[in-house]
Colleague: 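Dropping a structure here in structure tokens format, bear with me for questions.
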Protein chains: 2
Amino acid sequence: MTVTVAAGESREAISSQELAVWRMLQRAQVRITRVLEADLLVEHDLALASYDVLTQLSESPDRRLRMNDLADRVLLSRSGLTRLVDRLQRDGLVEREACASDARGLFAVLTDDGAVRLAEATPTYLRGVRAQFLDILDAGELRQCAAMLNKLFPAPADEELPA
Amino acid sequence: MTVTVAAGESREAISSQELAVWRMLQRAQVRITRVLEADLLVEHDLALASYDVLTQLSESPDRRLRMNDLADRVLLSRSGLTRLVDRLQRDGLVEREACASDARGLFAVLTDDGAVRLAEATPTYLRGVRAQFLDILDAGELRQCAAMLNKLFPAPADEELPA
DNA sequence: GCTGTGTAGATGCGCGTGCAACGTTCTAAG
DNA sequence: CTTAGAACGTTGCACGCGCATCTACACAGC
């Protein structure tokens, strides 16, 4: 298997092995994410994105976060988050609350029902992450993985992984 | 930061650091994929999924693949692939061709135009993979990464990465 | 006070996706 | 030959997403 590149476009050739690593990473990630999402959907009727939102809120002071901040943490566009919170609100898992200091701003607040739902779903989520990911790697590999991720992902500074 | 788990549901607690590795992996992957897709879209008006299809076809004997096999390699549902190939065919990058030995089957075949388009887009793609991923890691890390992926992804046997 | 620039969220729209159901064809059992 | 079941691919449908746009508000400068 060789990689053909239009002449003179890339400074340095990429070996097919390097490319294969990248491709495999993509596949592994997609596969794991799908299993995780399917499990959450079947057992708790909760999409992965919804689970992420609930998690982020539950870990924030007063269980609340500005829509904007929330969008950043959940890797969703602003509009995407608006609709997702719409749905979560419809299901009673989240409330919207005005921001006193800035009339433009809205807080998304985790409700008690939301907290319960999250607590119910979390074992499923963690079991999935274990089975698909953590259990397969040993402690050393996990450390290596963390080190690589710190290089790959210019973190928002407040969340650096210890080597 | 501590992870709260409903009592007695998971055999063994997951440390917050382990969980953080997983979360970061998700984010890094999403971020890289988005940049890659955006680049391809801007420079060549080609979605990442389309690029993957063209690539798979170009690497297959006679530049053709059965729809089913193609769907597996591209990580897309059958229906998703049907529509995607519809679009690629509309744009003249791919043709559908009947299968002689099995009247149910269809081949997706890369056209010359498709090959050209792929060749044009490939430098962009490779540059992106380099910039977002390969250049950031050194050779040793890449080897570690490959080793982990081989454990994580039960590959179709024909595509194992060398340690 | 007004005005201009920037920011926080919400909305219209089009697109791509997966699921379930369907028609067609292949294969095996009787 | 006939019939049951499985496999291949397509289609109807609903949903979730991102982009561009819009409104409401904030904060500067005059």
Side-chain angles (χ1 to χ4, degrees), chain A residues 26 29-31 33-42 45-54 57 64-91 93-109, chain B residues 26 29-31 33-42 45-54 57 64-91 93-109:
Chain A
Q26 272 197 119
Q29 217 279 345
V30 169
R31 199 181 56 80
T33 300
R34 285 201 191 172
V35 173
L36 232 52
E37 170 131 34
D39 286 352
L40 279 177
L41 232 35
V42 167
D45 192 32
L46 213 56
L48 196 53
S50 303
Y51 179 84
D52 277 346
V53 165
L54 298 183
L57 290 179
R64 80 191 51 213
L65 228 41
R66 289 286 291 270
M67 293 294 284
N68 231 336
D69 302 344
L70 188 51
D72 288 339
R73 308 200 189 202
V74 180
L75 287 175
L76 216 61
S77 71
R78 269 64 183 160
S79 65
L81 181 63
T82 293
R83 326 272 192 173
L84 179 50
V85 170
D86 283 347
R87 275 167 275 154
L88 293 174
Q89 190 169 18
R90 172 173 50 69
D91 296 344
L93 306 181
V94 157
E95 294 283 345
R96 266 180 245 248
E97 207 167 290
C99 174
S101 61
D102 186 339
R104 291 171 303 180
L106 284 179
F107 285 107
V109 188
Chain B
Q26 272 198 118
Q29 216 279 345
V30 169
R31 198 181 56 80
T33 300
R34 285 200 191 175
V35 174
L36 232 51
E37 170 130 36
D39 286 352
L40 279 176
L41 232 35
V42 167
D45 191 32
L46 213 56
L48 196 52
S50 304
Y51 179 83
D52 277 347
V53 165
L54 298 184
L57 290 179
R64 81 192 48 214
L65 228 42
R66 289 284 291 269
M67 293 294 285
N68 232 335
D69 301 345
L70 188 51
D72 287 338
R73 307 199 190 203
V74 180
L75 288 175
L76 217 59
S77 71
R78 269 64 183 161
S79 65
L81 180 64
T82 294
R83 328 270 193 174
L84 179 50
V85 170
D86 284 347
R87 275 168 275 155
L88 292 174
Q89 189 168 18
R90 172 172 50 68
D91 296 344
L93 307 181
V94 157
E95 294 284 343
R96 266 179 245 249
E97 208 168 289
C99 175
S101 61
D102 186 341
R104 291 171 303 181
L106 284 179
F107 285 107
V109 188

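Worth knowing before you read on, the calculation uses all heavy atoms, side chains too, and leaves out hydrogens, waters and symmetry mates. Here is the naming used below: chain letters follow the sequence lines, and residue numbers restart at 1 for every chain.
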Colleague: Rounded to 10°, tell me the angle between the two end axes of the helix from C:dG1-D:dC30 to C:dG30-D:dC1, each built from five pairs.
Modeller: 10°
Colleague: Does A:D102 have any side chain to side chain contact (heavy atoms under 4.5 Å, CB included) partners at least two apart in sequence or in another chain, and if so, which?
Modeller: A:R66, A:C99, A:R104
Colleague: Could I get the full list of side-chain hydrogen bond (donor to acceptor under 3.5 Å, both in side chains) partners for B:R64, not counting sequence neighbours?
Modeller: B:E97
Colleague: For B:D72, which residues count as a side-chain hydrogen bond (donor to acceptor under 3.5 Å, both in side chains) partner, sequence neighbours excluded?
Modeller: B:R78
Colleague: B:Y51: which residues meet the ring pair (Phe, Tyr, Trp, His ring centres under 6.0 Å) condition with it, sequence neighbours left out?
Modeller: B:Y125
Colleague: The criterion is side-chain hydrogen bond (donor to acceptor under 3.5 Å, both in side chains); which residues satisfy it with A:D91, sequence neighbours excluded?
Modeller: none
Colleague: Name all residues meeting the side chain to side chain contact (heavy atoms under 4.5 Å, CB included) criterion together with B:A103; count only those two or more places apart in sequence or in a different chain, and write none if there are none.
Modeller: none
Colleague: Could you tell me which residues satisfy side-chain hydrogen bond (donor to acceptor under 3.5 Å, both in side chains) with A:R83, sequence neighbours excluded, listed by chain and number?
Modeller: none
Colleague: My understanding is that only residues two or more places apart in sequence, or in another chain, count here; which of them pass side chain to side chain contact (heavy atoms under 4.5 Å, CB included) with A:L81?
Modeller: A:V53, A:M67, A:L70, A:A71, A:L76, A:V85
Colleague: Would you grab the first and last nucleotide of DNA chain C (5' to 3') that comes under 4.0 Å of any non-hydrogen atom in chain B?
Modeller: C:dG16 to C:dC26
Colleague: Protein within reach of the bases, or only the backbone? For nucleotides 6-22 of chain D, mark each nucleotide 5' to 3' as B, S or -, using heavy atoms under 4.0 Å.
Modeller: -BSSBBBB--SSBB---
Colleague: Under the side chain to side chain contact (heavy atoms under 4.5 Å, CB included) test, which residues partner A:A47, sequence neighbours left out?
Modeller: A:E37, A:L41, A:S50
